[in-house]
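Every chain is numbered from 1 and lettered A, B, ... according to where its sequence line falls, protein lines coming before strand lines.
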Protein chains: 2
Amino acid sequence: MLSPARHNGAELHADHPCAGCAVRDRAVCAVLDCDGLATFRRLGRTSKLGQGQTLFHEGDPATRVFTVTRGTLKLYTLLPDGRRQITGFMFPGDFLGISLDEEHAVSAEALDEVQLCSFPRSRFGAFVEEHPAMERQLYCLAANELSAARQQMVLLGRKTALERLASFFLQLLDRADRISEGGTSSFDLPMSRTDIADYLGLTKETVSRVLGQLRDLRLVRLIARDRIKLLDRAGLGLVAEGLG
Amino acid sequence: MLSPARHNGAELHADHPCAGCAVRDRAVCAVLDCDGLATFRRLGRTSKLGQGQTLFHEGDPATRVFTVTRGTLKLYTLLPDGRRQITGFMFPGDFLGISLDEEHAVSAEALDEVQLCSFPRSRFGAFVEEHPAMERQLYCLAANELSAARQQMVLLGRKTALERLASFFLQLLDRADRISEGGTSSFDLPMSRTDIADYLGLTKETVSRVLGQLRDLRLVRLIARDRIKLLDRAGLGLVAEGLG
DNA sequence: CGTTCGATTGAGCTTTCTCAAGCACAGTGG
DNA sequence: CCACTGTGCTTGAGAAAGCTCAATCGAACG
């Protein structure tokens, strides 16, 4: 149907360098980069955030569109009594603030040193018009996010704590794989246990215990508090789907 | 930013009749209807499904794009051991199968008598090209669904059973409101208790018990097994946000 | 070397699940 | 017209997964 890789009739090389950004999806980046992202970067304002700093809060007027160029952010929603659900993590290459609402639906906070490139929302519409492939690309990004959101609904609605953490690790590994092409088997955890818990619908204590189980099952090794090595990807895959 | 209501320079009347379809979002429908949906309907193939019939299964090749014209469907994913998560219900006006994957990521099953209008996926790309506003519109639809999916993640990850059911009823009421303009206070439950449970990440027993609690709290009345009357919308809103 | 903060571990508790029985209502056949 | 039956819903009792609260650990930092 809507082909994500077609733009101005030319196909890109699969090994397109992607202008040095570590991207979620190479095909997506390639198009964005060629048709608009480079311009976006050139015209956009660069900004930095330190760990723990907030980019915007839920309810803030959404005045700018951001793209992450370095670091990681968490997106979250709070219930009135303080319960928190992290709806996603944003990595280099991801876009923030491209919703249709005038207000941000979530808060965004830096997990480490974050570098962003931003653009006034008011000019983003015109920008998209000038780069027609962007429109399709935005749709592709939204569709991908939607598909990820649906998977997360399955995780939150129906998986056990062990399955949730296993699924999460596989998500992170897939990401690490996509960045460094070769089949990596270890990856960073830039987020705290509490963040993982708030992403997986658990408590930090349960995350800790279940991480211990995965370790005891010889599926992962804790290289450091914030670095995991996968020992048995297939096994972890089985656990993630409830077959472990 | 991307204005959902602009197309070919002309603004639509807010009370545009929407060609008789009961739509999720009037603005969305208006544009779709004018720029493409009427054509979609004229060129598309009409089909019907009886209650319990499956439109497609997870993993089936996605050969057609559908729009619901009557009735309700459920979308769901299964885990290998049979656990089920319903990721959404589709009502008249909604689109199915407009993903980027070649295979359906979810299964779709009719909850009642369903009427659909469909289009070969292969021709949908061209169709979108001929109706440029469609592209933006598709993006808007995806963005809306994404926002709904995020809310559902909060529900599944952090809300209690009581809060989940209250939130669900408010979702359905909002929908009923949007269709019949006037502030309705009752709505149908075309889905079984098990379906509600699989949507809310609970069991049918818990749904039943919690429904009893909402009744005892005088927040709702069960007019019939499949019809609810809201007695205290504000109260239900408080419960849904954990303030009850 | 002490302090701090996040992570881990433990014990008891709560919510929700599981399994099982009973109920209500619609459809069927006598 | 009424018993029969099937299906989905409700209710109950016990079990379990995960939560809460509290104590301990351990690495990072002054």
Side-chain angles (χ1 to χ4, degrees), chain A residues 50-52 74 79 81-86 109 111-112 155-169 188-216 220-228 239 242 244, chain B residues 50-52 74 79 81-86 109 111-112 155-169 188-216 220-228 239 242 244:
Chain A
Q51 182 184 348
K74 60 186 175 199
L79 289 175
D81 62 0
R83 277 173 286 173
R84 190 175 65 150
Q85 177 66 42
I86 292 184
E109 188 182 315
L111 291 176
D112 43 26
L155 182 151
L156 293 169
R158 288 293 176 229
K159 289 191 180 177
T160 66
L162 195 68
E163 291 160 8
R164 291 181 200 203
L165 196 62
S167 305
F168 178 56
F169 284 167
D188 288 316
L189 288 180
M191 63 294 284
S192 70
R193 298 291 187 266
T194 302
D195 286 339
I196 298 174
D198 285 347
Y199 182 56
L200 300 179
L202 302 169
T203 59
K204 59 182 189 303
E205 292 92 339
T206 299
V207 169
S208 203
R209 281 185 252 271
V210 164
L211 182 52
Q213 286 185 51
L214 290 177
R215 173 177 29 77
D216 297 346
V220 303
R221 168 171 301 152
L222 284 92
I223 300 173
R225 226 212 320 273
D226 61 352
R227 188 153 182 88
I228 300 283
V239 170
Chain B
Q51 183 185 344
K74 61 185 175 199
L79 289 175
D81 62 1
R83 279 174 285 173
R84 190 176 66 151
Q85 177 67 40
I86 291 183
E109 187 182 316
L111 291 176
D112 43 26
L155 182 151
L156 292 169
R158 288 294 175 228
K159 290 190 179 178
T160 66
L162 196 68
E163 291 160 9
R164 291 181 199 202
L165 197 61
S167 305
F168 178 56
F169 283 168
D188 288 316
L189 288 181
M191 64 292 285
S192 70
R193 298 292 187 266
T194 303
D195 286 339
I196 298 174
D198 285 347
Y199 182 56
L200 300 179
L202 302 169
T203 58
K204 59 183 189 303
E205 293 91 340
T206 299
V207 169
S208 201
R209 281 185 251 271
V210 164
L211 182 52
Q213 287 184 49
L214 290 178
R215 173 175 29 77
D216 297 347
V220 303
R221 168 170 300 152
L222 284 92
I223 300 173
R225 227 214 311 275
D226 61 352
R227 188 154 181 87
I228 300 282
V239 170

Check the distance between [N]'s [atom2] and [X]'s [atom1] and give it to me in whole angstrom.
X        : N      : atom1 : atom2 : value
B:Leu189 : D:dC9  : CG    : P     : 10 Å
B:Leu200 : C:dT16 : CG    : P     : 12 Å
B:Leu222 : D:dT10 : CG    : C1'   : 11 Å
B:Arg158 : D:dC19 : CZ    : C1'   : 10 Å
A:Asp226 : C:dA7  : CG    : P     : 10 Å
B:Asp195 : D:dT7  : CG    : P     : 16 Å
A:Asp81  : D:dC19 : CG    : P     : 15 Å
A:Lys204 : D:dG18 : NZ    : C1'   : 14 Å

Please tell me if B:Thr203 has a side-chain N or O lying less than 4.0 Å from either OP1 or OP2 of C:dT16. no
Between D:dC19 and A:Thr206, is there an OP1 or OP2 to side-chain N/O distance shorter than 4.0 Å? yes
So, under a plain 3.5 Å distance rule, would you say the side chain of B:Glu205 forms a donor-acceptor pair with the base of D:dC9? no
Examine the base of D:dT20 for any acceptor or donor lying under 3.5 Å from a partner atom in the side chain of A:Arg209, and report the outcome as yes or no. yes
Are the side chain of B:Arg164 and the backbone N or O of B:Leu200 linked by a donor-acceptor pair below 3.5 Å? yes
N/O donor-acceptor pair under 3.5 Å between A:Arg158 side chain and B:Arg83 backbone: no
Of B:Ser208 and A:Lys159, the one whose nearest nucleotide on DNA chain D sits closer to the 5' end is B:Ser208
If you find the nucleotide of DNA chain D closest to A:Gly201 and the one closest to B:Ser192, which residue's nucleotide is nearer the 5' end? B:Ser192
Is the shortest heavy-atom distance from the side chain of B:Leu211 to the side chain of B:Arg193 under 4.5 Å? yes
Just call it for B:Arg225: base, sugar-phosphate, or nothing, with non-hydrogen atoms closer than 4.0 Å on any strand. sugar-phosphate
Basic-acidic side-chain contact under 4.0 Å: A:Arg209, A:Asp216: no
Residue pair B:Leu202/A:Leu211 against DNA chain C: nearer the 5' end by closest nucleotide is A:Leu211
Any chance you could measure B:Ile228, atom CD1, to B:Arg221, atom CZ, to the nearest 0.5 Å? 11.5 Å
